[in-house]
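Data first, discussion second: the structure below is written as structure tokens.
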Amino acid sequence: SFPGGRRDPADGDAVATALRETREELGLALAAPSVWGQLRPLPDRQGQMVAPVVANLGPLEDLTLTPNPDEVEEVFTLPLAHLLREENQGYTHFRTAGRYGYTLPVFLNGPHKVWGLTAIITELTLELLAPDRY
């Protein structure tokens, strides 16, 4: 999943929350100019609205991450080229009460399967970053 959490009273908006959570979870201090924008809000499984914020982190090799062990078990990345390969893209069909319920994207063949809300946010981001290829 991506860094995230509830908005604190001191957070001015969703962007401030995202920057704070990224700092708390990954030890990565980003400034507001790094933020490219927000995706449309999405509901999570509990019905809470999630406001995805997209930012430019710069070259990964230049980043020094210090993950908070109380919140982050593992950090991994997937290259954009990997996510754009058709063989790494799929869909998961969910059933509700024994009947077809809904379909969500899933990204495969990396160190982990990316699914759920993380895959939805990834898919929306790919649509923006590579509209001619995704």
Side-chain angles (χ1 to χ4, degrees):
S1 65
F2 297 111
R6 292 195 180 273
R7 186 172 173 182
D8 282 353
D11 296 338
D13 57 17
V15 170
T17 301
L19 295 176
R20 178 185 53 74
E21 288 287 342
T22 301
R23 185 178 60 254
E24 290 176 4
E25 293 183 20
L26 298 175
L28 186 58
L30 297 175
S34 299
V35 174
W36 285 348
Q38 283 185 247
L39 302 176
R40 65 180 166 87
L42 304 163
D44 69 8
R45 284 187 280 178
Q46 292 76 38
Q48 298 291 317
M49 295 306 286
V50 175
V53 174
V54 179
N56 181 354
L57 304 179
L60 290 178
E61 55 274 3
D62 294 346
L63 296 179
T64 301
L65 302 178
T66 52
N68 178 340
D70 293 332
E71 298 200 43
V72 178
E73 183 175 322
E74 181 180 1
V75 175
F76 69 93
T77 61
L78 292 172
L80 185 59
H82 174 90
L83 295 168
L84 290 172
R85 279 191 215 106
E86 271 190 56
E87 64 267 20
N88 298 331
Q89 303 166 8
Y91 291 91
T92 303
H93 304 287
F94 291 89
R95 297 175 148 272
T96 309
R99 302 175 77 182
Y100 170 76
Y102 55 95
T103 301
L104 294 177
V106 62
F107 295 90
L108 310 163
N109 302 322
H112 305 283
K113 182 185 337 181
V114 178
W115 62 283
L117 191 57
T118 302
I120 294 169
I121 294 168
T122 300
E123 181 174 71
L124 291 173
T125 303
L126 290 174
E127 289 171 354
L128 288 173
L129 294 178
D132 57 328
R133 294 192 51 206
Y134 189 83

Work out which heavy atom in V106 is nearest to a heavy atom in W115; give both atom names and the distance. CG2-CB, 3.9 Å
For D13 and A16, the nearest pair of non-hydrogen atoms, with its separation, is OD1-N, 2.8 Å
Give a yes or no on whether the backbone of N68 and the side-chain of E25 come within a donor-acceptor separation of less than 3.5 Å. no
Nearest 0.5 Å please: distance from the CD1 atom of I121 over to the CG atom of L42. 6.0 Å
Just distance, no hydrogens or angles: give the donor-acceptor pairs under 3.5 Å from side chains in residues 72-81, sequence neighbours left out.
from : atom 1 : to   : atom 2 : distance (Å)
E74  : OE1    : H112 : NE2    : 3.1
E74  : OE2    : H112 : NE2    : 3.2

Validation row: W36, L129 side chains within 4.5 angstrom (heavy atoms): yes
Evaluate side-chain contact (heavy atoms from CB on, under 4.5 Å) for V35 paired with L30, printing each intermediate quantity in order. CA-CA 8 Å; V35 174; L30 297 175; over 6 Å; no
Look at the side chain of D11 and the backbone N and O of R20, then say whether any donor-acceptor pair between them is shorter than 3.5 Å. no
Membership question, hydrophobic clusters at under 4.5 Å side-chain separation (ILVMFWY): are F2 and V53 in the same one? no
Side-chain contact, heavy-atom cut-off 4.5 Å: L126 with F107? yes
Under a single-linkage definition using a 4.5 Å side-chain heavy-atom cutoff for Ile, Leu, Val, Met, Phe, Trp and Tyr, are L83 and Y91 assigned to the same hydrophobic cluster? yes
With clusters defined by side-chain heavy atoms of hydrophobic residues (ILVMFWY) lying less than 4.5 Å apart, directly or transitively, does M49 cluster with L104? no
Supply the atom-to-atom distance E127 CD to R133 CZ, rounded to the nearest 0.5 angstrom. 14.5 Å
Contact check, side chains of L63 and L60, non-hydrogen atoms, under 4.5 Å: yes
Which pair of heavy atoms, one from P52 and one from P41, lies closest together, and at what distance? CD-CA, 4.4 Å
With a 4.5 Å cut-off on side-chain heavy-atom distances among I, L, V, M, F, W and Y, is there a chain of contacts connecting V114 to I120? no
Minimum-distance pair of heavy atoms, taken over all atoms of L117 and P43: CD1-O, 4.1 Å
Minimum heavy-atom separation for R7 and T17, please, with both atom names. CG-OG1, 3.3 Å
Same cluster or not: L26 versus V50, using hydrophobic residues (I, L, V, M, F, W, Y) connected whenever any side-chain heavy atoms lie under 4.5 Å apart? no
Can you tell me if CD on E86 sees more than 12 non-hydrogen neighbours from other groups inside 6.0 Å? no
Can a donor-acceptor pair be found, under 3.5 Å and without considering hydrogens, that links the side chain of N88 to the backbone of N109? no
Kindly indicate whether the side chain of T122, heavy atoms from C-beta on, has any atom under 4.5 Å from the side chain of P105. no
Taking the side chain as C-beta and beyond, is there a heavy-atom pair between Y134 and E123 under 4.5 Å? yes
